Peer 1: 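Submitted below is the structure of interest, expressed as structure tokens.
Computed over heavy atoms, backbone and side chain alike; hydrogens, waters and symmetry mates excluded. Because the structure is a prediction, the values reported are computed rather than measured. In each ligand, atom 1 is the first atom listed, and ligand 1 is the first ligand listed.
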Amino acid sequence: MSNPAHQTADITQAVLGRLAEEPDPRFKQIITTVVKHAHAAIRELDLKPDEWMAAIQFLTKVGQTCDEKRQEFILLSDTLGISMLVVQLDQARRSQAALADKTATVKPTEATVQGPFYWEGAPVLPLGSDIGKGMPGEAAWYSGNVTDTHGKPIANCCLDVWSGDGEGVYDMQMGADAGMRLRARFHTDSEGRYHFWSIKPTYYPVPADGPVGDMLRAMGRHPNRPGHIHMMVYRDGYVPLTTHLFAEDSPYLDSDAVFGVRDSLVVHYERHAAGKAPDGRVMDKPFHTAQYHFVLAPA
Ligand code: BEZ
Ligand code: FE
């Protein structure tokens, strides 16, 4: 006869039972849900021991691929759509009041993934500066404004922008000694407006030479992200926004490797022949202009 004190027929219940004394309710809720779903998936799949071992070996490799510069677990989360799901839930929670406000005239700008190439402390530059000078890629003039959800301009709002170059390469990928490039912090003027020069970014692959790349290939997926420029838009009193603008004519808009594209973030880059630019500068090569209105929710 088995002793019911030592063994519970349902392993799931046995594991959950050991959490009975857990004092942190959120921790308890998270572990309970993870255990329930993991056990249910294994039952549904009738998972074989060699399949479970393959999963363990895969996760081991993911860990072994991480170092100070590379975070393969985040890449795994990104490419499985988990990062984007967490971003969406977070924005919905933090912007709840703004979304429910019947008097609001505009919705907060949609957030998307931060990605691994944010570098804190980008130079603070005056509006109109050119951060794309001498970089591979065609010049682009970015302009627009930042308002709240009632259309009120947000002055002195920081736009912390970064992107890869016109060949899809970020400064952080250029070796240990490479300094910052194609990144800066701008602040909106008294009417909430911003404008600066950079380049029109192109599509590029997420790192695909590790286990996540193997997983993408096994799934028959490509590793590419459509061309985009990143920005964090923030000012005290508002829910900070981390987002991108995507180039309307970029390949991979429909199949972003990290599921970050939102229709509302796709912008038209108007291509102009060499000549006079919006700031009066005379361009000796073709250039682009792109506009965007950012909207922040009150905190
Ligand atoms: C990026 O856009 O920089 C990025 C996002 C997720 C994974 C890799 C790169
Ligand atoms: Fe990026």
Peer 1: Show the atoms of ligand 1 that are less than 4.0 angstrom away from any heavy atom in Gly115.
Peer 2: 4 (C), 5 (C), 6 (C)
Peer 1: Please name the residue in the list His268, Lys200, Arg271 that meets the side chain to side chain donor-acceptor pair (under 3.5 Å) test with Asp249.
Peer 2: Lys200
Peer 1: Taking 4.0 angstrom as the limit and counting only heavy atoms of Pro116, give me the atoms of ligand 1 inside it, by number and element.
Peer 2: 3 (O), 4 (C), 5 (C), 6 (C), 7 (C), 8 (C), 9 (C)
Peer 1: Give the intermediate values and the outcome of side-chain contact (heavy atoms from CB on, under 4.5 Å) for residues His293 and Thr147.
Peer 2: CA-CA 8 Å; His293 170 196; Thr147 71; 2.8 Å; yes
Peer 1: Within the 4.0 Å heavy-atom shell around Val258, which atoms of ligand 1 are there?
Peer 2: 6 (C), 7 (C)
Peer 1: Kindly compute the distance separating CG (Leu125) from CD1 (Ile131), expressed to the nearest 0.5 Å.
Peer 2: 7.5 Å
Peer 1: When you check the side-chain N and O atoms of Tyr118 and Asp160, is any donor under 3.5 Å from an acceptor?
Peer 2: yes
Peer 1: Taking the six-membered ring for Trp and the single ring otherwise, decide whether the centroids of His37 and His39 are under 6.0 Å apart.
Peer 2: no
Peer 1: Under 4.0 Å, counting heavy atoms only: does Trp162 come that close to any atom of ligand 1?
Peer 2: no
Peer 1: Which of the numbered atoms in ligand 1 are below 4.0 angstrom from a heavy atom of His230?
Peer 2: 1 (C), 2 (O), 3 (O)
Peer 1: Tell me, please: is Gln114 in heavy-atom contact with ligand 1, that is, under 4.0 Å?
Peer 2: no
Peer 1: Tell me whether the guanidinium CZ or amine NZ of Arg281 lies under 6.0 angstrom from the six-membered ring centre of Trp197 and within 45° of its axis.
Peer 2: yes
Peer 1: Using a 4.0 Å heavy-atom cut-off, say whether Tyr204 meets ligand 1 through its side chain, its backbone, both or neither.
Peer 2: side chain
Peer 1: Before accepting this row, confirm whether a basic side-chain N of the pair Asp148/Arg235 lies closer than 4.0 Å to the acidic partner's carboxylate O.
Peer 2: no
Peer 1: Taking 2.8 Å as the upper limit, name the protein N, O or S atoms near the Fe ion (ligand 2).
Peer 2: Tyr170 OH, Tyr204 OH, His228 NE2, His230 NE2
Peer 1: Would you say the ring centers of Tyr204 and His228 fall short of 6.0 Å from each other?
Peer 2: yes
Peer 1: Begin with the C-alpha distance, continue with both residues' side-chain angles, and end with the deciding distance and a verdict on side-chain contact (heavy atoms from CB on, under 4.5 Å) for Thr242 and Tyr234.
Peer 2: CA-CA 9 Å; Thr242 300; Tyr234 53 90; over 6 Å; no
Peer 1: Enumerate the atoms of ligand 1 whose separation from the nearest heavy atom of Asp78 is less than 4.0 angstrom.
Peer 2: 6 (C), 7 (C)
